[in-house]
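One structure is given below, encoded as structure tokens.
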Amino acid sequence: MSSQPIDLVQTLQDELTYEKLKEIITTLIEPDKLKEFLKQLDYEIFAHEEYTPHNRGKIAVLGGSIANKQHLQGISKQLGFNKNRFEYFLSYDEMKTFQFNKLRNINKYAAIIAGPMPHSTSGTGTYSSVIAAMENDDGYPPVFRIAKITNSSFRNIVKYMMDQNIVAV
């Protein structure tokens, strides 16, 4: 056995890649673990805030729907979600005046499921559609387009988001 001392700081700098650090941070779901970690990084100022892991935020379902809200709630329950995790805005006509900016720059939402919407909606800016605006402007959670909001398309997109760790139960 070598009695050569190990330079721990240098070893950590070499081994602790950006991806490894991101992986470690995602394990800090419990508030006490996160607070301790923030204190160690001298970010104690953030330790007092209530933290909800982003993948546990609400999921907004927007657009005209073939499926009714009760069926979608049943599917989300089957997948293990609390019904309060989803906010449904399923009226095609409601999308014409919906304030899409309320989904922006807020950590409340983990994802947006976007179904059929009118082309003439508020919030399009310079984009051809509000969906394109949400996909390209900073501050919106990930947007997942589905051609129609049906029971099966809803189930499939939620499962996909779970598989990608974009949302978690």
By side-chain contact (heavy atoms from CB on, under 4.5 Å) - contacts of [X] (at least two apart):
{"X": "Lys69", "value": "Gln73, Tyr88, Leu90"}
{"X": "Glu135", "value": "Ile131, Val143, Arg145"}
{"X": "Asn82", "value": "Asn84, Arg85"}

Closest contact, heavy atoms only, Ala110 versus Pro142: O-CD, 3.2 Å

Mind listing the closest non-hydrogen atom pair of Val169 and Met162 along with its distance? CG2-CE, 3.6 Å

Tell me which donor-acceptor pairs under 3.5 Å the side chains of residues 153-161 have, and how far apart each pair is, sequence neighbours excluded?
{"from": "Ser153", "atom 1": "OG", "to": "Lys148", "atom 2": "O", "distance (Å)": "2.6"}
{"from": "Ser153", "atom 1": "OG", "to": "Thr150", "atom 2": "N", "distance (Å)": "2.9"}
{"from": "Ser153", "atom 1": "OG", "to": "Thr150", "atom 2": "O", "distance (Å)": "3.2"}
{"from": "Ser153", "atom 1": "OG", "to": "Thr150", "atom 2": "OG1", "distance (Å)": "3.1"}
{"from": "Arg155", "atom 1": "NH1", "to": "Gln78", "atom 2": "OE1", "distance (Å)": "3.1"}
{"from": "Arg155", "atom 1": "NH2", "to": "Gln78", "atom 2": "OE1", "distance (Å)": "2.9"}
{"from": "Asn156", "atom 1": "ND2", "to": "Ser152", "atom 2": "O", "distance (Å)": "3.2"}

Applying ring pair (Phe, Tyr, Trp, His ring centres under 6.0 Å), name anything that partners Phe144, two or more places apart in sequence or on another chain. none

With the 4.5 Å side-chain cut-off for hydrophobic clustering, are Ile66 and Val61 part of the same group?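 No; tracing contacts between hydrophobic side chains, which count when under 4.5 Å, never links both residues.
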
Does one hydrophobic cluster hold both Tyr92 and Phe98, with members joined at side-chain heavy-atom distances below 4.5 Å?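 No, because Tyr92 and Phe98 fall into different hydrophobic clusters, even though each may have its own neighbours under 4.5 Å.
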
Kindly list each side-chain donor-acceptor pair under 3.5 angstrom involving residues 111-118, sequence neighbours excluded, with atom names and distances?
none

Just to verify, what does Lys96 make a salt bridge (charged side-chain N to carboxylate O under 4.0 Å, His left out) with, not counting sequence neighbours? Asp93

Partner residues of Glu94 under the salt bridge (charged side-chain N to carboxylate O under 4.0 Å, His left out) criterion, sequence neighbours left out: none

Keeping to residues at least two apart or across chains, list the ring-ring contact (aromatic ring centres under 6.0 Å, His included) pairs with something in residues 58-84.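 Only Phe81-Phe86 qualify under ring-ring contact (aromatic ring centres under 6.0 Å, His included).
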
Rounded to the nearest 0.5 Å, what separation is found between the [atom1] atom of [X] and the [atom2] atom of [Y]?
{"X": "Leu62", "Y": "Ile146", "atom1": "CG", "atom2": "CD1", "value": "10.0 Å"}
{"X": "Asp138", "Y": "Asn105", "atom1": "CG", "atom2": "CG", "value": "8.5 Å"}
{"X": "Tyr127", "Y": "Ser129", "atom1": "OH", "atom2": "OG", "value": "10.5 Å"}

Start with the C-alpha distance between Tyr109 and Glu87, add both sets of side-chain angles, then the distance that settles side chain to side chain contact (heavy atoms under 4.5 Å, CB included), and finish with yes or no. CA-CA 10 Å; Tyr109 297 97; Glu87 289 185 1; 2.6 Å; yes

